[in-house]
Enquirer: 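One structure coming up, written as structure tokens, with questions to follow.
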2 protein chains.
Amino acid sequence: MGRWEPDTRGRLERAAIELYLEQGFAQTTVAQITRHAGLTTRTFFRHFLDKRDVLFVGMDELTERVAKAIAAAPAAWPAIKAAASGMNIAAAALQLRRDEAQDRRKLINTTPELRERELMAFAAVAKTVDGALSERGTDERVARVTAEAVLAAFRVAFEYWGEHPDRELPQLVDETLDELKRALGSDA
Amino acid sequence: MGRWEPDTRGRLERAAIELYLEQGFAQTTVAQITRHAGLTTRTFFRHFLDKRDVLFVGMDELTERVAKAIAAAPAAWPAIKAAASGMNIAAAALQLRRDEAQDRRKLINTTPELRERELMAFAAVAKTVDGALSERGTDERVARVTAEAVLAAFRVAFEYWGEHPDRELPQLVDETLDELKRALGSDA
DNA sequence: AGCCGTGATGACACTTGATGTCATCCCAAG
DNA sequence: CTTGGGATGACATCAAGTGTCATCACGGCT
């Protein structure tokens with residue numbers, strides 16, 4: 001057996017989320033987390049950028065998948081359709097971990113600090129979508145605004161999903177995008 | 001003369017921005033700011049929520065004006081047009097303080113911490129726009145997604161403005177919104 | 001078997017942001 | 001002249017986050 005118990009990162013992650021859910025994010029100190037995991041506070045910051053980071057692991061990997069989906073979309077598709085297909089990948093992934101995602105959502109919704117971080121995560125996805133669209137040859141500004149708009153729709157659908165957990169997120173994203181199209185088209 | 005020099009808040013604000021621009025945000029400590037202003041660190045936190053807050057004063061007031069503009073828009077206008085008129089108010093206000101706004105933008109763009117806060121500020125405006133649209137009788141989800149989309153366009157225009165400071169922000173916002181409409185409409 | 005480099009963790013000190021609390025002093029209302 | 005409130009100073013304290021060095025297991029190499 002090793003010098004230390006295995007799965008340091010996993011233990012930290014589980015301890016953190018358990019404490020966050022139990023007593024709130026702000027009320028939880030890193031010292032408490034590491035005590036639960038049998039580690040030192042220094043080690044926590046070797047595995048996570050900061051206290052909030054724990055709740056956003058896996059984001060990068062998901063973002064990668066979104067980019068790949070957009071790159072794999074038929075070249076004939078307009079940017080909006082390609083981008084939407086990327087959002088569907090993300091939505092499906094979150095739907096698969098519904099309960100976990102909803103727990104995280106509640107935590108984030110009640111903690112401004114976490115909300116900030118979530119917005120940064122969304123912004124990172126938007127930047128990736130932007131890049132993937134540009135890669136397809138979409139005009140620069142169109143790529144940017146399409147990426148931002150698609151993520152705007154995703155955010156709204158995601159929030160709505162929190163209020164209606166029994167709905168399916170991918171479908172909500174589709175509906176929201178349709179509503180956006182109608183709303184923007186109604187300008188005559 | 002009073003016990004203290006007047007305009008505490010203004011002195012803090014000026015000292016902070018001067019130091020942020022001169023040596024960077026992260027490298028500036030609150031102690032340095034208050035030393036420059038001849039005050040104590042405790043007093044800084046009585047006037048500002050945190051170190052970043054200094055760069056976002058006036059946001060609330062501007063947001064209020066946006067809400068009023070939307071409320072004052074002709075009832076016959078579709079939600080998107082009313083929301084866009086609100087964005088024009090904001091864009092015009094920033095255009096009036098172009099140099100200051102651009103300085104702030106550069107600072108924010110090079111500091112993740114500040115970027116986070118900026119996203120929160122945008123989110124707050126989106127929520128206000130959402131509320132103003134709902135007030136006009138717009139359907140709930142349409143109001144939400146329209147607000148988010150309009151702010152998405154604003155963000156893109158704002159970023160573009162940073163790269164082309166000689167362009168006029170209000171016009172950039174209009175152009176970006178038009179591009180968004182085309183991009184979403186091209187879905188056949 | 002014994003040596004050694006590498007990587008992960010512990011231990012410790014330190015800086016800084018942020019908050020609570022009480023004392024102090026100006027000022028304005030009465 | 002008194003009094004009460006608002007703003008600030010002074011002080012203590014906590015928690016986040018970082019730098020640094022020591023420590024120890026493990027795997028490869030000889």
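In what follows, every heavy atom counts, from backbone to side chain, and hydrogens, waters and symmetry copies are set aside. A, B, ... follow the sequence lines: proteins, then strands. Residue 1 opens every chain.
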Enquirer: Across the strands shown, which category fits A/T34 at heavy-atom distances under 4.0 angstrom: base, sugar-phosphate, nothing?
Expert: nothing
Enquirer: How many whole angstroms separate atom CZ of B/R46 from atom P of D/dC11?
Expert: 14 Å
Enquirer: Rounded to whole angstrom units, what separation is found between the CZ atom of A/F48 and the P atom of C/dA8?
Expert: 14 Å
Enquirer: B/R11 has an atom CZ; how far is it from atom C1' of D/dA7, in whole Å?
Expert: 12 Å
Enquirer: Got a donor-acceptor contact below 3.5 angstrom from the A/T111 side chain to the A/L114 backbone?
Expert: no
Enquirer: Under 6.0 Å from the six-membered ring centre of B/Y160 and within 45° of its axis: does the NZ or CZ of B/R155 meet both?
Expert: no
Enquirer: Rounded off to whole Å, could you give me the CD-to-C1' distance for the A/Q27 and D/dC14 pair?
Expert: 14 Å
Enquirer: Hey, is A/R144 close enough to A/E140 for a salt bridge, meaning N to O under 4.0 Å?
Expert: yes
Enquirer: D/dT8 phosphate, OP1 or OP2: any side-chain N/O from B/H47 under 4.0 angstrom?
Expert: yes
Enquirer: Base, sugar-phosphate, or nothing for A/T8, non-hydrogen atoms under 4.0 angstrom?
Expert: sugar-phosphate
Enquirer: Rounded to whole angstrom units, what separation is found between the CG atom of B/D7 and the P atom of D/dT8?
Expert: 10 Å
Enquirer: For the side chain of B/R42, counting heavy atoms from C-beta on, which of C/dT21, C/dC12, C/dA18 is nearest?
Expert: C/dT21
Enquirer: B/I33 has an atom CD1; how far is it from atom P of C/dA18, in whole Å?
Expert: 10 Å
Enquirer: Please pick, from D/dA10, D/dA16, C/dA18, the nucleotide with the shortest atom-to-atom distance to any side-chain atom of B/T40.
Expert: D/dA10
Enquirer: How are the rings of B/F154 and B/F158 set relative to one another: parallel (under 30°), tilted (30 to 60°) or perpendicular (over 60°)?
Expert: parallel
Enquirer: Nearest whole angstrom, please: distance from the P of C/dG17 to the CD of B/E113.
Expert: 9 Å
Enquirer: Measure from CG on B/L49 to P on C/dT19 and round the result to the nearest Å.
Expert: 7 Å
Enquirer: OP1, OP2 of C/dG10 versus side-chain N and O of A/T43: anything below 4.0 Å?
Expert: yes
Enquirer: For the pair B/E118 and B/R52, find out whether any cationic side-chain nitrogen is under 4.0 Å from an anionic carboxylate oxygen.
Expert: no
